[in-house]
Peer 1: 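Provided herewith is a single structure, encoded as structure tokens, for subsequent inquiry.
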Amino acid sequence: MIAFVSGPVAALAPSTAVIEVGGVGMAVQCTPNTIAGLRIGQEARLATSLVVREDSLTLYGFADDDERQVFELLQTASGVGPRLAQAMLGVHSPDALRLAVATGDEKALTTVPGIGKKGAQKLLLELKDKLGAPLGSSGLVGTQRAAAAGPPPWTEQLTAALIGLGYASREAEEAVTAVTPQAEAALAESGSAPVPQLLRAALQTLNRAR
């Protein structure tokens with residue numbers, strides 16, 4: 001198993017980072033949040049999980065070992081493959097997923113693309129004794145305080161992801177403004193802004209503007 005890759009970032013795309021390791025470019029599938037923390041030419045270290053299929057070898061990358069561990073634990077639930085596990089981590093942090101499972105928060109899981117009400121109920125049952133309690137010392141109280149303070153900083157995540165992909169700050173800000181109605185609608189409906197979908201929409205607006 002490839003536990004991690006380390007080296008300069010050679011290229012970035014919305015869902016892929018290429019890390020140069022010993023003169024070889026390793027393509028690593030990442031969430032938008034992980035991509036947002038990378039910069040072309042700068043050194044990076046990503047925890048990784050290698051998924052082997054008959055016709056492919058796919059390397060998934062994560063900001064830290066905890067995120068990778070949760071990615072692998074999620075796949076122990078029936079019907080959860082690497083893409084859905086990554087989508088879950090694209091919407092929720094590891095601790096947010098632990099909290100959702102620990103508290104039976106069905107609504108939190110249905111904010112993930114590809115998970116409906118029945119799927120969320122099944123996942124809550126199967127993952128109940130696998131993910132464990134949230135690691136954050138503040139636990140549920142801290143999460144409630146964060147929720148009371150306002151919505152997640154999706155604008156910062158989206159702006160950082162666009163700048164990481166090579167767009168200028170002004171372009172990134174304009175794209176974020178363009179998708180704000182979509183984000184606000186998602187917040188009103190589910191309580192969270194789906195950064196991966198918003199990133200795709202923002203890239204479409206930028207491509208049309210060029």
Side-chain angles (χ1 to χ4, degrees), residues 9 11-18 27-40 42 44 46 58 60-64 67-68 70-71 74 80-100 105-117 119-120 123 143 146-210:
V9 179
L12 291 172
S15 61
T16 307
V18 178
V28 187
Q29 300 295 310
C30 304
T31 66
N33 289 344
T34 300
I35 293 288
L38 304 176
R39 295 291 183 272
I40 293 176
Q42 293 185 4
L46 297 176
T58 306
Y60 290 84
F62 310 93
D64 54 41
E67 196 172 62
R68 177 186 61 197
V70 171
F71 171 79
L74 290 172
V80 178
R83 291 189 180 280
L84 182 56
Q86 189 182 51
M88 294 172 74
L89 286 165
V91 175
H92 299 294
S93 68
D95 256 9
L97 286 172
R98 291 189 183 99
L99 183 62
D105 189 350
E106 177 186 311
K107 186 176 180 180
L109 294 186
T110 58
T111 62
V112 178
I115 298 181
K117 184 175 182 180
L123 284 172
T143 300
W154 66 268
T155 56
E156 294 178 7
Q157 294 175 9
L158 191 55
T159 301
L162 291 168
I163 292 174
L165 289 171
Y167 289 96
S169 297
R170 179 185 56 78
E171 292 178 307
E173 291 170 2
E174 290 175 354
V176 168
T177 299
V179 301
T180 294
Q182 180 179 337
E184 291 177 343
L187 284 167
E189 181 178 347
S190 63
S192 66
V195 174
Q197 291 94 310
L198 292 173
L199 178 58
R200 284 194 290 270
L203 288 171
Q204 289 174 356
T205 65
L206 287 166
N207 289 335
R208 285 197 294 268
R210 288 186 168 182

Peer 1: E174 vs T177, test: side-chain contact (heavy atoms from CB on, under 4.5 Å). Steps then yes/no.
Peer 2: CA-CA 5 Å; E174 290 175 354; T177 299; 5.6 Å; no

Peer 1: So, do S169 and T159 sit near enough that their side-chain heavy atoms are less than 4.5 Å apart?
Peer 2: no

Peer 1: Tell me, please, which residues at least two apart from T180 pass side-chain contact (heavy atoms from CB on, under 4.5 Å).
Peer 2: W154, V176, E184

Peer 1: Tell me every residue that passes side-chain contact (heavy atoms from CB on, under 4.5 Å) with A85, counting only those two or more places apart in sequence or in another chain.
Peer 2: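 A85 satisfies side-chain contact (heavy atoms from CB on, under 4.5 Å) with F71, L74, Q75, V80 once adjacent residues are dropped.
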
Peer 1: Is there side-chain contact between Q197 and P113, with heavy atoms separated by less than 4.5 Å?
Peer 2: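 In short, these two side chains touch, coming nearer than 4.5 Å.
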
Peer 1: Apply side-chain contact (heavy atoms from CB on, under 4.5 Å) to the pair V9 and R39, showing each step before the final yes or no.
Peer 2: CA-CA 7 Å; V9 179; R39 295 291 183 272; over 6 Å; no

Peer 1: Please tabulate, for side-chain N and O atoms in residues 28-38, each donor-acceptor pair with protein atoms closer than 3.5 Å (sequence neighbours left out).
Peer 2:
{"residue": "Q29", "atom": "NE2", "partner": "T16", "partner atom": "OG1", "Å": "3.3"}
{"residue": "T31", "atom": "OG1", "partner": "T34", "partner atom": "N", "Å": "3.3"}
{"residue": "T31", "atom": "OG1", "partner": "T34", "partner atom": "OG1", "Å": "3.2"}

Peer 1: Given side chains that start at C-beta, do those of Y60 and R83 come closer than 4.5 Å, heavy atoms only?
Peer 2: yes

Peer 1: With rounding to the nearest 0.5 angstrom, report the CG to CG distance, L203 to L199.
Peer 2: 4.5 Å

Peer 1: Got a second to check how far E106's CD is from L123's CG, nearest 0.5 Å?
Peer 2: 10.5 Å

Peer 1: Roughly how far, to the nearest 0.5 Å, is the CG atom of L46 from the CG atom of D64?
Peer 2: 10.5 Å

Peer 1: So which heavy atom on I115 is nearest to which on A120, and how close?
Peer 2: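 What the structure gives for the nearest pair is CG2-N, 3.7 Å.
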
Peer 1: How close do E67 and L89 get, counting heavy atoms only, and between which atoms?
Peer 2: O-CD1, 3.6 Å

Peer 1: Nearest heavy-atom pair of L162 and A175: which atoms, and what distance?
Peer 2: CD1-CB, 3.9 Å

Peer 1: If every non-hydrogen atom of A178 is compared with every non-hydrogen atom of T205, which pair is closest and at what distance?
Peer 2: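 So the minimum-distance heavy-atom pair works out to CB-CG2, 4.1 Å.
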
Peer 1: Determine the minimum heavy-atom distance between V179 and A202, stating which atoms define it.
Peer 2: CG1-N, 3.7 Å

Peer 1: Return the minimal non-hydrogen interatomic distance between L206 and E171, and the atom names on each side.
Peer 2: CD2-O, 3.6 Å

Peer 1: Any chance you could measure H92, atom NE2, to L109, atom CG, to the nearest 0.5 Å?
Peer 2: 6.0 Å

